[in-house]
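Positions are given from 1 along the sequence.
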Amino acid sequence: MSDPIKHECGIALLRLLKPLEYYKEKYGTAFYGVNKMYLMMEKQHNRGQDGAGLASIKLNMEPGERYISRVRSAQPQPIQDIFSQINQRINNTMALDPKTHEDVAYQKQHVPYIGELFLGHVRYGTFGKNSIESVHPFLRQNNWMHRNLIVAGNFNMTNVKELFGNLVELGQHPKEMADTVTVMEKIGHFLDDAVAKLYKKVKKEGYSKREASPHIAERLDVAKILRKASKNWDGGYAMGGLLGHGDAFLLRDPSGIRPAYYYMDDEVVVVASERPAIQTVFNVKYEDVRELTPGNAIIIKKNGKVTTEEILPALERKACSFERIYFSRGSDKEIYQERKMLGKLVFPEILRSIEDDLTNTVFSYIPNTAETSFFGMVKEAQNYLNKKKEEQILALGPNITREELHKIIDVRPRIEKVAIKDAKLRTFITQDSSRDDLVTHVYDITYGSVGKEDNLVIIDDSIVRGTTLKKSILRMLDRLSPKKIVVVSSAPQIRYPDCYGIDMAKLEDFIAFRAAVELHKEQDTLSILEKIYNKCVAQAEKATNQSENFVKELYEAFTPEEISNKIAELLSPQDIGTKVEIIYQTIENLHVACPDNPGDWYFTGDYPTPGGNRVVNKAFMNFYEGKNERAY
């Protein structure tokens with residue numbers, strides 16, 4: 001509950017389909033593309049706090065003129081930092097000659113970032129890698145315009161070592177074994193190969209070396225390059241790329257794990273990780289923004305032709321549901337309804353916990369993303385009360401008095417803003433006892449909002465590690481001295497690590513995992529850990545596609561309720577005076593709320609790719625061996 005979880009990245013790809021003079025005349029500026037990219041990246045700020053980058057390409061520039069510009073930042077406010085740098089570069093250039101302010105041709109030739117093609121990226125760093133070298137977009141440079149490659153993505157690959165080995169077999173010498181570098185070099189290898197073959201073909205047709213370039217650009221088959229490059233990829237990805245001469249693409253993984261949406265008209269083609277970002281920035285309707293089909297790429301040729309092509313056959317759809325619950329912008333029409341439904345569907349369990357006593361129950365939430373599921377929960381409480389009121393009124397019949405009527409209809413769910421997050425407190429003291437005392441005060445409470453006879457129900461999106469819940473939230477809520485604290489998670493128990501872009505990599509971090517281990521310890525069945533470990537070790541030598549998730553066996557002996565009860569016990573501070581109960585969403589209700597996003601491997605262990613099973617087994621081996629390292 002309110003533990004910080006670092007998330008996958010956000011991408012924005014924009015192609016202007018008209019000459020820059022068109023945008024100057026219609027919108028008053030040739031900087032239309034830069035302005036839209038700033039908005040697109042800010043509207044996806046929720047996906048990146050640790051770094052941001054932007055690359056642009058100018059079409060049809062003469063030799064010797066700069067046509068690629070890139071800026072990246074790992075500063076505390078990275079989006080503002082990169083656009084501050086861009087604005088400074090633009091202003092400095094424009095200040096040289098005020099007469100050029102209306103001269104679009106001059107601006108394109110001399111001012112950086114005034115181009116037709118843009119790729120932006122915002123990121124969360126994982127595993128402490130927050131240096132500028134880790135910030136997208138990545139650039140693979142070459143004197144041949146066609147071989148320049150810019151890549152940015154929202155992804156993690158589970159088989160990086162295998163992909164790295166493939167590059168070595170091809171004769172390459174990659175500078176590091178990072179999935180971004182590995183993927184870019186794989187695309188780059190087949191791009192180089194395709195350009196070389198086209199060059200030979202065009203030369204045979206009688207064109208000179210200089211004349212060959214536009215023919216290579218026109219004939220380059222981006223889809224074919226992507227099919228070859230992505231053949232052995234195992235992971236979740238939305239991968240964007242620009243080629244130096246002006247082609248662009250964005251490829252989505254065949255299970256649809258990571259999201260990608262696009263919009264196009266006669267002025268622009270835009271692709272992004274978030275649908276509402278496109279809607280807001282370009283002022284278009286929900287139905288005009290399309291979801292990119294899993295396994296497909298949207299390809300924009302230099303000449304402006306746009307196609308969507310199948311790169312890999314679509315697999316069973318496993319679009320990430322946890323993303324919908326926690327990370328995506330809640331302004332999306334579908335996500336807003338899904339989050340409300342999650343709150344609604346968990347209400348019956350809440351009702352059981354408070355023994356139908358809505359009169360003496362206060363409902364609240366931990367800010368801020370849980371607010372929507374809170375609305376759904378409260379609305380369902382209102383529906384429940386309305387049915388009870390109807391029965392009471394009908395039972396009293398036509399002789400009901402005004403006082404009796406008001407006594408019934410005045411009952412409504414009690415809603416309070418109980419928990420308030422203070423400004424981020426810096427734990428500048430290193431000793432654990434002092435630090436824990438500071439962490440306790442990250443949240444404050446509204447005194448007098450809850451009585452001693454009241455149940456306090458507080459909802460959040462998820463309870464992953466439970467650290468903040470134990471060290472801060474429960475201690476603060478206990479000061480209100482309620483009869484009972486009911487902590488509600490709109491997501492099911494998170495039992496398994498992610499390996500497709502969300503920074504949840506170690507099993508022992510999960511409170512559900514620790515609860516299952518404790519239950520086995522109490523039942524004297526802890527030997528199951530060794531059995532699972534031996535199975536994981538035996539399978540580690542087999543091919544990835546033969547992997548199965550053995551960690552599931554850890555949970556099979558217990559019901560979800562038993563694990564939830566143990567979690568409540570583990571997270572309740574020893575000196576707390578109030579009884580704590582924890583309620584999680586069920587898997588079944590998750591699928592009801594998010595029917596089109598059935599990717600639930602965090603909760604069920606049903607990974608969408610074979611590499612996921614290998615990763616979870618490796619994570620268990622790391623836990624068993626006491627290794628504090630990533631499993632992929």
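- Salt-bridge annotation for E508 and K506: absent, with no side-chain N of the basic residue lying under 4.0 Å from a carboxylate O of the acidic one.
- Residues T578 and D478 bring a donor and an acceptor atom of their side chains to less than 3.5 Å of each other.
- Interatomic distance, CG of L456 versus CG of L477, reported as 5.5 Å (0.5 Å rounding).
- Checking E274 against N46 by side-chain atom types alone, a donor-acceptor pair falls below 3.5 Å.
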inquiry  = Using the rule given for salt bridge (Lys or Arg N to Asp or Glu O under 4.0 Å), can you reason through D234 versus R614, listing the C-alpha separation, both sets of side-chain angles and the distance that settles it, and then say yes or no?
reply    = CA-CA 11 Å; D234 187 297; R614 179 175 287 276; over 6 Å; no
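- With sequence neighbours left out, N589 forms a side-chain contact (heavy atoms from CB on, under 4.5 Å) with L345, Q585, T586.
- Every residue two or more places apart in sequence or in another chain that forms a side-chain contact (heavy atoms from CB on, under 4.5 Å) with E530 is listed here: N534, Y624.
- A distance-only check finds a donor-acceptor pair linking the side chain of N154 to the backbone of C9 [under 3.5 Å].
- By the ring-ring contact (aromatic ring centres under 6.0 Å, His included) test, F558 pairs with H520, sequence neighbours left out.
- Ion pairing between a basic and an acidic side chain is recognised when a charged N comes within 4.0 Å of a carboxylate O; E371 and R339 show no such pairing.
- Of the charged side-chain nitrogens involved, at least one lies within less than 4.0 Å of a carboxylate oxygen, so that E581 and R352 count as a salt-bridged pair.
- Take P254 and apply the side-chain contact (heavy atoms from CB on, under 4.5 Å) test, not counting sequence neighbours, and it matches Y237, L312, L315.
- Between F322 and Y500, the gap from one ring centroid to the other reaches at least 6.0 Å.
- By the side-chain hydrogen bond (donor to acceptor under 3.5 Å, both in side chains) test, S255 is found to be paired with no residue, residues two or more places apart in sequence or in another chain being considered.
- Taking the ring-ring contact (aromatic ring centres under 6.0 Å, His included) definition, one finds that F603 meets it with nothing, sequence neighbours left out.
- Ion pairing between a basic and an acidic side chain is recognised when a charged N comes within 4.0 Å of a carboxylate O; D596 and R317 show no such pairing.
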request  = Could you check R258 against E323 for salt bridge (Lys or Arg N to Asp or Glu O under 4.0 Å), going step by step and ending with a plain yes or no?
outcome  = CA-CA 9 Å; R258 298 278 72 99; E323 178 164 23; 3.5 Å; yes
